[in-house]
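Below: the structure, in structure tokens.
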Amino acid sequence: MPEGDTVYRAARLLDTRLSGETLLHAELRVPQHATADLAGAVVAQTVPRGKHLLTRLERGDERWTLHTHLKMEGVWRVFDGGRRWSRPAHTARVVLRVPGREAVGFSLGVVDLLATADEQSVVGHLGPDLLGGDWDPDEARRRLLAVPERSVYEAILDQRNLAGIGNVYAAELLFLGGLHPATPVGAVTAVPRLLARAHQALEVNKDRRTRTTTGDTRSPLWVYGRSGAPCRRCHTRIEQAPRGPAGRERTSYWCPHCQPAPPRAASVTG
């Protein structure tokens, strides 16, 4: 599942394989940009911003940014020397061809082309980036606590508070902190520790192919995706429940013993 560490690796792949190269051909297979002519543009760089990718292009005095988002199923791949694509062609949303290779974005959830000067219109709402050079835990804490009655699960998933956490890390970080997902974020006394642990988790995983929060790649996760299985610490049965606004619910996972429910959540968890 694409989260901040996955996006970081995708940005590094595109930056390493494309930056400094001139586009021989480019296809943006979305209606609003299908006629865009990017041939001859130089790829300046690709940078991550939370779960967003910004590929900056230059041609003469023109400066564009190709803004993409992986959402749930998206992935970027680079193929050398005309090698056959690893995914069906009909799932390709972006094709960028430079001498000797092609970068293809499959099943991308968002594809935008905008002036580089306007990048803030697509990422300006984001909170501090856990993998950014300007990560600011104090600002992230301020944003998290701005709505103290909100559940800690929803608060840390909100990219406006801090950028880079998805459902996997939300489940794992709350387990490591002994926090039930329904706990009001204002009742969390160790928010700085939670943020420090989030930063550390993404940092140590950004260069790994297999994401792990346990330190064991054979059993990489504590609770995420393990509903009904025994807790790796206490052997209590892992539970799950949908949480979040109607129509945008996510499945949360927790251990009832290691993450006891706050009083108001008792009726929800049973």
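- A side-chain donor-acceptor contact under 3.5 Å links Thr116 and Thr65.
- Taking CZ of Arg243 as the start and CD of Gln240 as the end, the distance is 10.5 Å to the nearest 0.5 Å.
- Taking the six-membered ring for Trp and thresholds of 30 and 60 degrees, His199 and Trp135 have nearly parallel ring planes, at less than 30 degrees apart.
- The shortest distance between side-chain heavy atoms of Leu66 and Leu96 falls below 4.5 Å.
- Side-chain contact between Arg141 and Pro192: present, with at least one pair of heavy atoms (C-beta onward) separated by less than 4.5 Å.
- In terms of heavy-atom proximity, Leu145 sits nearest to Gly186 at CD2-CA, 4.2 Å.
- For the atom pair Lys51 NZ and Asp5 CG, the distance stands at 10.5 Å (nearest 0.5 Å).
- Between His67 and the choices His52, Glu119, Arg49, the side chain to side chain donor-acceptor pair (under 3.5 Å) rule is met once, by His52.
- Applying the 6.0 Å contact sphere to CZ of Arg233 captures more than 12 heavy atoms from other residues, nucleotides or ligands.
- Heavy atoms only, all atoms of each residue included: Thr214 and Ser219 are closest at OG1-O, 2.6 Å.
- Of the N and O atoms on the side chains of Glu154 and Ser151, at least one donor lies less than 3.5 Å from an acceptor on the other residue.
- Using a 4.5 Å cut-off on side-chain heavy atoms (C-beta onward), Arg143 and Asp158 make no contact.
- Few gaps surround CD on Glu139; more than 12 heavy atoms of other groups in view lie less than 6.0 Å from it.
- No side-chain heavy atom of Val43 sits under 4.5 Å from any side-chain heavy atom of Asp15.
- Shown here is Glu62, whose CD atom has more than 12 heavy atoms of other residues, nucleotides or ligands within 6.0 Å.
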May I have the step-by-step check of side-chain contact (heavy atoms from CB on, under 4.5 Å) for Leu174 and Tyr253, ending in yes or no? CA-CA 9 Å; Leu174 295 185; Tyr253 299 86; over 6 Å; no

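- No more than 12 heavy atoms of other residues, nucleotides or ligands sit less than 6.0 Å from atom NE2 of His257.
- Paired with Trp64 under the rule side-chain contact (heavy atoms from CB on, under 4.5 Å), one option of Leu114, Leu38, Asp118 passes, and it is Leu38.
- Side-chain atoms of Glu172 do not come within 3.5 Å of backbone N or O of Val168 as any donor-acceptor pair.
- In this structure the side chain of Leu23 never reaches within 4.5 angstrom of the side chain of Arg97, judged on heavy atoms.
- Residues that satisfy the salt bridge (Lys or Arg N to Asp or Glu O under 4.0 Å) test with Arg29, not counting sequence neighbours, are Glu27.
- Looking at heavy atoms from C-beta onward, Cys231 lies out of side-chain contact with His235 at the 4.5 angstrom threshold.
- Applying the 6.0 Å contact sphere to CZ of Arg193 captures no more than 12 heavy atoms from other residues, nucleotides or ligands.
- Put simply, the side chain of Asp80 reaches to within 4.5 Å of the side chain of Arg17, judged on heavy atoms.
- Using a 4.5 Å heavy-atom cutoff, the side chains of His69 and Leu108 are not in contact.
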Check the pair Leu54 / Thr46 against side-chain contact (heavy atoms from CB on, under 4.5 Å), numbers first and verdict last. CA-CA 5 Å; Leu54 303 172; Thr46 297; over 6 Å; no

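- Leu18 approaches Ala103 most closely through the heavy-atom pair CD1-CB, 3.8 Å.
- Trp222 pairs by the ring-ring contact (aromatic ring centres under 6.0 Å, His included) definition with Phe175, not counting sequence neighbours.
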Report the C-alpha separation of Arg87 and Ser107 in whole Å, then their side-chain angles, then the decisive distance to 0.1 Å, and conclude whether the side-chain hydrogen bond (donor to acceptor under 3.5 Å, both in side chains) test is met. CA-CA 10 Å; Arg87 294 198 175 195; Ser107 303; 4.6 Å; no

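- A donor-acceptor pair shorter than 3.5 Å can be found between the side chains of Asn167 and Tyr153.
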